[in-house]
Amino acid sequence: MWVQLAVGLCCLLLGCQVQGRAASLRRANDDATGRCQYTFTVDSPAESSCSQAEEEGVRTRLALLEALVSRLLGEQGGAVGEAGLRRTAEEEEEVSQLQQDKERLNRQVQDLQRRLGELTVETEQLRSRPCHQPQPPHLSTADSDPAFQLGSGAFQEMKAELSEVPAPPQIQQGQNQAATGTTTQTTSSFSGCGVLESVQLPVTHRKADSITGKYGAWFQDPEPVGQPYGPKTVWRIDAVGKEVKQLFAYEDMEQLIRGFPMKVLPLPEAVESTGATVYRGSLYYQRRLSRTLIRYDVNTESVAARVDLPHAGFHGQHPYSWGGYTDIDLAVDERGLWAIYSTSKAKGAIVVAKLDHESLEVTKTWETNIRKNTVANGFMVCGRLYTVASYSLPNTTVNYMFDTDTNQSRAISIPFSNRYHYNSMIDYNPGNKKLYAWDNYHMVTYDIQLAESDSIP
Ligand SMILES: *[C@@H]1O[C@H](CO)[C@@H](O)[C@H](O)[C@H]1NC(C)=O
Ligand SMILES: *[C@@H]1O[C@H](CO)[C@@H](O)[C@H](O)[C@H]1NC(C)=O
């Protein structure tokens with residue numbers, strides 16, 4: 001009964017619109033503000049368009065309403081006859097018209113809600129899309145390599161502090177000239193294991209195309225196993241990005257220079273920074289945001305070992321001076337796999353651990369007196385740790401050596417060149433006795449000379 005009353009009231013209030021054009025909802029674009037404008041129009045009963053006939057209509061409806069009210073009152077007072085509950089034909093018409101209007105308005109509301117939903121999604125997409133990074137003008141614009149597109153978003157936070165050690169004496173002229181070609185004639189005939197005597201100037205092999213290659217890591221396996229990868233295969237990880245999970249494989253140096261990898265291996269866990277290395281058919285790397293070391297078998301493309309490096313600092317606790325979460329640096333030399341890191345017990349001094357390359361278990365550790373955050377990088381050669389003084393000075397030095405046979409460390413000064421002023425990775429390859437480095441988008445190698453231990457002053 002109340003429903004009928006309500007219907008009647010509506011009839012009355014809507015007046016002429018119900019019979020005529022009814023209420024309307026309109027949407028228009030306001031280009032100036034970029035907003036949508038919604039207009040809800042209700043014709044005024046006072047307008048001249050409300051004709052005499054419509055006034056009659058209103059009167060009729062008023063009468064109907066009165067009848068309804070009296071029926072209601074009658075119901076409250078006692079029994080109401082069946083006939084009283086029956087709607088008149090006029091009432092039925094009004095109700096069905098109102099029903100139609102209601103349905104039409106509902107459809108419009110649904111339409112508007114759907115549009116609103118679409119706009120919300122669109123807004124979210126626009127918001128989450130990163131702004132385009134303008135490429136520094138000195139970068140190559142010919143991005144021939146599809147694998148290196150922007151997209152992974154944020155960069156690893158830089159913690160680099162320019163705490164440089166004074167520039168060493170100039171690199172000797174003789175060495176510079178010898179190293180300008182692609183290969184260098186080594187004057188020393190010594191080919192066994194020994195101490196580092198000199199490092200030639202870098203040879204540039206490839207420049208990364210996109211911002212994701214500002215820093216990274218690249219290698220050739222000194223002792224490859226299995227197929228199809230061999231000693232010529234070049235491995236590369238562009239390390240800029242939050243989720244670094246791609247390992248690029250190039251058939252050889254020529255393919256690296258041409259730019260298209262033979263394969264992109266998807267890594268199961270993201271890589272932290274630039275400390276990875278490749279050895280005996282596996283990529284060894286530190287898992288992002290952890291002290292977990294992962295051995296990823298490149299032939300089976302699966303994780304072969306996963307171990308936490310005990311007590312190792314990670315994610316900015318004990319990085320090299322460059323920063324960039326270089327807390328754990330894996331290295332390979334003639335004796336196998338090593339980790340260069342620090343612990344809270346060592347209070348930031350470099351700890352060297354010898355690792356079993358199969359299981360990744362630590363077989364032995366050494367604590368040095370070299371503060372990790374004062375040096376730019378480190379690498380192992382013949383069981384000795386070497387550190388580089390600066391990652392940015394073009395003329396810097398290999399400044400310390402720690403011998404795991406004698407537990408002795410000593411200051412040295414072997415000239416070393418950061419040609420592109422931002423050296424983020426240095427690894428030794430005992431297979432060809434070269435240092436591999438990633439210097440400000442550039443993949444470079446350095447020839448080195450070793451000498452018998454006691455021939456060094
Ligand atoms: C660095 O070494 C290069 C090559 O030996 C030399 O030409 C240059 O002048 C040196 N720069 C500084 C700042 O010592
Ligand atoms: C060097 O240190 C390691 C570990 O601290 C120890 O096991 C080894 O005996 C030491 N060697 C020498 C020659 O002092």
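Order of appearance sets the numbers: ligands from 1, and atoms from 1 within every ligand.
- Results of the side-chain contact (heavy atoms from CB on, under 4.5 Å) test with Val444 over Asn423, Thr204, Val203 single out Thr204 as the only residue that passes.
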Quick check for students: name every N or O atom pair between ligand 2 and the protein closer than 3.5 Å, with distances.
{"unit_1": "ligand 2", "atom_1": "2 (O)", "unit_2": "Asn407", "atom_2": "OD1", "d": "3.2"}
{"unit_1": "ligand 2", "atom_1": "2 (O)", "unit_2": "Asn407", "atom_2": "ND2", "d": "2.4"}
{"unit_1": "ligand 2", "atom_1": "11 (N)", "unit_2": "Asn407", "atom_2": "ND2", "d": "3.0"}
{"unit_1": "ligand 2", "atom_1": "14 (O)", "unit_2": "Asn407", "atom_2": "ND2", "d": "3.0"}

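- Within the structure, disulfide (SG to SG under 2.5 Å) contacts touching residues 354-395 (residues at least two apart or in different chains) are Cys193-Cys382.
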Listed pairs under 3.5 Å, donor-acceptor, residues 306-314 side chains, sequence neighbours left out:
{"unit_1": "Arg306", "atom_1": "NH1", "unit_2": "Glu269", "atom_2": "OE2", "d": "2.8"}
{"unit_1": "Arg306", "atom_1": "NH2", "unit_2": "Glu269", "atom_2": "OE2", "d": "3.3"}
{"unit_1": "Asp308", "atom_1": "OD1", "unit_2": "Thr292", "atom_2": "OG1", "d": "2.7"}

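- With a 6.0 Å cutoff to the six-membered ring centre and a 45° limit on the axis angle, Lys372 counts as a cation-pi contact of Tyr320.
- Remark: Lys345 engages Thr343, Glu367 in a side chain to side chain contact (heavy atoms under 4.5 Å, CB included) (not counting sequence neighbours).
- The one candidate from Phe248, Tyr250, Tyr229 that meets the ring-ring contact (aromatic ring centres under 6.0 Å, His included) condition with Trp235 is Tyr229.
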